[in-house]
Every structure is written in C-alpha cells, then in structure tokens.
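First listed ligand is number 1; within each ligand, the first listed atom is number 1.
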Amino acid sequence: MAIQQTLIIIKPDGLVKSLTGNIISRLSEAKLTIMGAKVVRVTRDQAARHYEHLKDQPFFEELIQYIVGDVHKTHRVLALVYQGDEAIAKIRDIVGETNPEKANPVSIRGAYGRITTSGVFENVVHASSSPEDAEKEIKLWFEPEEIVEDLYPVKEITLDNIKKTAWA
Ligand code: IDP
Ligand code: MG
C-alpha cells in the first residue's frame, strides 16, 4: 500500500463548460478520500508558482492567462485534495494525457479537452504527477486548516501586523 495525496484543479474551462459534477463523478471511480476542497480566485503569482517548471516554454504566458481565468472570463478554479492508495496514478489515469488529442477518449481530458488555435492545451483539469509535486502543490494551494488532517508536518506561528481582508 502506498498512501498518497494528490492535488486536482478543475480549470476555468471545466467550470464554464459546467463539467464540475461530471468530473467529480469520474474522479470518484478511484475510490479515494476527499481531504479538502475550495473555489479559488487564482492570482498571477500563484499561477506562475504552480507552473514554474514551464516558465521557459513558449506557451507559458498563455497558460497563465488560461489558469487565472482571463481566457474564459471566470476568475475561479475548484481545487481538491484526494488521498488514498496509489492516488496519483489512479487519478492521472482517469484524467488522461496532457495533450487532449492524444488522451484516451474516455478520459476526462480526452472527452472534454481541446487545443486552442494558438496551441494551448485546454485540458479541463490539473492532477499532480508525483508525490513530490503533490506535496509542493498542496502546500501552495491549501493552508493546513483547510484540510481535514495534517497531511504534512505543521508548526504554530504567531503573526503580528498582518493586514488582511475581513468581512465589514
Ligand atoms: P500535466 O498537466 O499533464 O501535468 P504539464 O507538463 O505539467 O502537464 O503542463 C501543465 C499544463 O500546461 C498542461 O496541463 C497544459 O494545460 C499546458 N501544456 C503543457 N504542455 C503543453 C504544450 O506542449 N502545448 C500547450 N500547452 C501545454
Ligand atoms: Mg504537471
């Protein structure tokens, strides 16, 4: 048994195409446990950190515009953390290959993805590809208190003089 965590993001195209329920149903076939879920307004900075490994690619700028929602005019994504035996491979299998035209047609990306005329793979979902990536990504997208168990070591911190938005 290899218990793993994985980060799924339903990207803006998945949301505007009204695929959220369908995608979660497909992912549930893996029989994993949902540990966290939230709708996120993605900032450029977060998008750039998430896709840091692609920063030298010619499609990087368009990829950032896609994931922050500029392309689909919906500035939100749905982020989910799943946990379970071999979670990463099980989810990647249901999600399909990166290129939606090469992905198995019954996979999520094969069924719902497309390649834009400018060449960006709009492939509906993100899924972590290794335990190292999953840890990095989950820590980037979720605070410890937003996940039902401490998946990684935590520490107590005291913050002073922190400005944040609160309900008025
Ligand atoms: P993954 O999402 O399958 O893990 P990555 O290589 O990590 O694939 O790429 C992240 C995202 O960048 C992809 O999901 C896709 O949206 C986009 N992307 C990756 N490679 C290409 C490409 O060659 N052309 C256009 N877009 C790409
Ligand atoms: Mg990847």
Check your understanding: Is there a side-chain contact between I24 and L78, using heavy atoms and a 4.5 Å cut-off?
Key -> yes

Review point. Thinking salt bridges, do E97 and K102 make one under a 4.0 Å N-O criterion?
Key: no

Review point. Where is the nearest protein heavy atom to atom 9 (O) of ligand 1: which residue, which atom, and how far?
Key: L54 CD1, 3.3 Å

Exercise for review: Could you please spell out the steps behind the side-chain hydrogen bond (donor to acceptor under 3.5 Å, both in side chains) verdict for H75 and D70?
Suggested key: CA-CA 7 Å; H75 294 93; D70 284 351; 2.9 Å; yes

Exercise for review: Look at atom 11 (C) of ligand 1 and say which protein heavy atom is nearest, naming residue and atom and giving the distance to 0.1 Å.
Suggested key: Y51 CE2, 3.8 Å

Review point. Would you call E61-R44 a salt bridge at under 4.0 Å N-O?
Key: yes

**Study point:** Close N or O approach (H126, ligand 1; < 3.5 Å)
**Key:** no

Check your understanding: Which residue holds the protein heavy atom closest to atom 26 (N) of ligand 1, what is that atom called, and what is the gap in Å?
Key -> F121 N, 3.3 Å

Study note, to complete from the structure: Nearest non-hydrogen protein atom to atom 5 (P) of ligand 1, with distance, is H53 NE2, 4.1 Å

Study note, to complete from the structure: R92 heavy atoms within 4.0 Å reach ligand 1 at atoms 1 (P), 3 (O), 4 (O)

Point to revise | Heavy-atom side-chain proximity of E122 to P100 below 4.5 angstrom | key: no

Check your understanding: Identify the closest protein heavy atom to atom 15 (C) of ligand 1: which residue and atom is it, and at what distance?
Key -> N123 ND2, 3.5 Å

Practice item. Ignoring angles and geometry beyond distance, decide whether S129 reaches within less than 3.5 Å of ligand 1 through its nitrogen or oxygen atoms. Key: no

**Study point:** Nearest neighbour in protein (non-hydrogen) for atom 25 (C) of ligand 1
**Key:** G119 O, 3.1 Å

Check your understanding: Would you say the side chain of I91 lies within less than 4.5 Å of the side chain of L27, judging by non-hydrogen atoms?
Key -> yes

Review point. What protein heavy atom is closest to atom 20 (N) of ligand 1, reported as residue, atom name and distance in Å?
Key: F59 CZ, 3.4 Å

Review point. Cation over ring, K17 on Y112, under 6.0 Å and within 45°?
Key: no

Point to revise | Heteroatom distance test (T98, ligand 1): nitrogen or oxygen, under 3.5 angstrom | key: yes

Practice item. Answer side chain, backbone, both or neither: which part of R109 comes under 4.0 Å from ligand 1, heavy atoms only. Key: side chain

Point to revise | Part of K11 with heavy atoms under 4.0 Å of ligand 1, whether side chain, backbone, both or neither | key: side chain

Check your understanding: Contact between E97 and ligand 1, counting heavy atoms under 4.0 Å?
Key -> no

Check your understanding: Is the NZ or CZ atom of K38 positioned over F142's six-membered ring, under 6.0 angstrom from the centre and within 45° of the axis?
Key -> yes

Exercise for review: Return the residue, atom name and 0.1 Å-rounded distance of the protein heavy atom closest to atom 17 (C) of ligand 1.
Suggested key: L63 CD1, 3.8 Å

Revision key, fill the gap. side-chain contact (heavy atoms from CB on, under 4.5 Å) with H50: of I67, V42, L7, only one passes, and it is L7

Review point. Thinking salt bridges, do E132 and K136 make one under a 4.0 Å N-O criterion?
Key: no

